[in-house]
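Worksheet for the structure shown next.
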Amino acid sequence: MAERFGLVGARQVGLALRQLSAEVATKIARRSTNAGAQVIKRRAVANIVASPSVDEGDLRDNVIVKRVTESRLTSEHMVTVRTKKAPHAHLVEFGTVKMPAEPFLRPAIEGGAQEAARAIVNAIDGGIQRAAKKAARP
């Protein structure tokens, strides 16, 4: 199940981005959603490594950030697991009849939402500032 969260001040950020060219605004949006997703990915990997009973190799190495290309939003990224290389990911996350759940992704999302939001805001702010400096050059 996909978790989503909103940002306070998102309307103002959207207005600032609309004043830039569509290409620059899209680039900033993609970098910012990627920055937020990377926070969640790092936390998920840390959860996997910290779990004493999870054989971490395949699972740890196959947690990825993927840009959602079929999105109605300007930019959307998701954190997922390459299931062909780590087909047991859902069993670890949710458990089985014979094995208790050892969630790694849900706690990463729940515990990292604020940090991810800050990373998104910082990336947007930095992108807008770089675009403004570039536009101000003669």
Side-chain angles (χ1 to χ4, degrees):
M1 176 165 138
E3 297 285 333
R4 294 175 187 240
F5 55 92
L7 296 175
V8 175
R11 183 177 303 276
Q12 291 82 359
V13 169
L15 292 172
L17 287 173
R18 283 190 193 100
Q19 293 180 6
L20 302 170
S21 72
E23 180 182 342
V24 171
T26 299
K27 187 180 287 189
I28 291 170
R30 284 183 180 165
R31 285 182 181 164
S32 66
T33 57
N34 181 56
Q38 292 294 337
V39 168
I40 303 302
K41 175 188 173 186
R42 280 192 300 276
R43 284 176 161 265
V45 168
N47 290 342
I48 292 166
V49 171
S51 179
S53 62
V54 175
D55 180 15
E56 63 187 62
D58 286 343
L59 187 54
R60 178 199 62 219
D61 296 342
N62 287 292
V63 175
I64 60 169
V65 172
K66 184 176 179 181
R67 186 168 62 88
V68 179
T69 56
E70 305 280 326
S71 178
R72 296 180 305 156
L73 303 172
T74 302
S75 179
E76 184 175 356
H77 282 78
M78 62 188 256
V79 180
T80 189
V81 177
R82 287 187 193 107
T83 55
K84 288 186 180 183
K85 296 193 177 195
H88 60 294
H90 68 287
L91 302 174
V92 174
E93 182 76 17
F94 298 109
T96 68
V97 175
K98 296 181 180 184
M99 180 182 89
E102 295 197 46
F104 58 94
L105 193 52
R106 288 174 293 156
I109 294 167
E110 292 164 2
Q114 291 300 316
E115 184 183 350
R118 280 192 302 276
I120 290 168
V121 169
N122 290 340
I124 290 172
D125 185 46
I128 290 172
Q129 288 183 22
R130 281 190 301 278
K133 283 183 183 177
K134 190 173 182 178
R137 289 186 207 149

Report yes or no: do Val49 and Val92 belong to one cluster of Ile/Leu/Val/Met/Phe/Trp/Tyr joined by side chain heavy-atom distances under 4.5 Å?
yes
On a heavy-atom basis, which atom in Ala131 and which in Ile28 lie closest, and how many Å separate them?
CB-CD1, 4.5 Å
Applying side-chain hydrogen bond (donor to acceptor under 3.5 Å, both in side chains), name anything that partners Thr33, two or more places apart in sequence or on another chain.
Ser75, His77
If I compare all heavy atoms of Ala29 with all of Ser32, which pair ends up nearest, and what's the gap?
O-OG, 2.8 Å
Glu115: side chain to side chain contact (heavy atoms under 4.5 Å, CB included) partners, not counting sequence neighbours:
Val39, Arg43, Arg118
Would a distance-only check, ignoring hydrogens and angles, find a side-chain to backbone donor-acceptor pair under 3.5 Å from Thr26 to Glu23?
no
Quick one: list whatever passes side chain to side chain contact (heavy atoms under 4.5 Å, CB included) with Arg106, sequence neighbours left out.
Glu93, Phe94, Pro103, Glu110
Taking only residues two or more places apart in sequence, or in another chain, which ones meet Asn122 in a side-chain hydrogen bond (donor to acceptor under 3.5 Å, both in side chains)?
none
What residues join Val68 in its hydrophobic cluster, counting side-chain heavy atom gaps under 4.5 Å, either direct or through other members?
Met78
With sequence neighbours left out, what residues match Arg30 under salt bridge (Lys or Arg N to Asp or Glu O under 4.0 Å)?
none
Looking at CZ of Arg60 and OG of Ser51, how far apart are the two atoms once the value is rounded to the nearest 0.5 Å?
13.0 Å
Which side-chain N or O atoms in residues 80-91 pair as donor and acceptor under 3.5 Å with protein atoms at least two apart or in another chain?
unit_1, atom_1, unit_2, atom_2, d
Arg82, NH1, Asn62, OD1, 3.1
His90, ND1, Pro87, O, 3.3

Name all residues meeting the side-chain hydrogen bond (donor to acceptor under 3.5 Å, both in side chains) criterion together with Asn34; count only those two or more places apart in sequence or in a different chain, and write none if there are none.
Gln38
Partners of Ala44 by side chain to side chain contact (heavy atoms under 4.5 Å, CB included), sequence neighbours excluded?
Val63, Phe104, Leu105, Ala108
Test of understanding: with side-chain hydrogen bond (donor to acceptor under 3.5 Å, both in side chains), list the residues that count as partners of Gln129, not counting sequence neighbours.
Asp125
Closest approach of Ala113 to Ile40 (non-hydrogen atoms, all atoms of both residues):
N-CD1, 4.4 Å
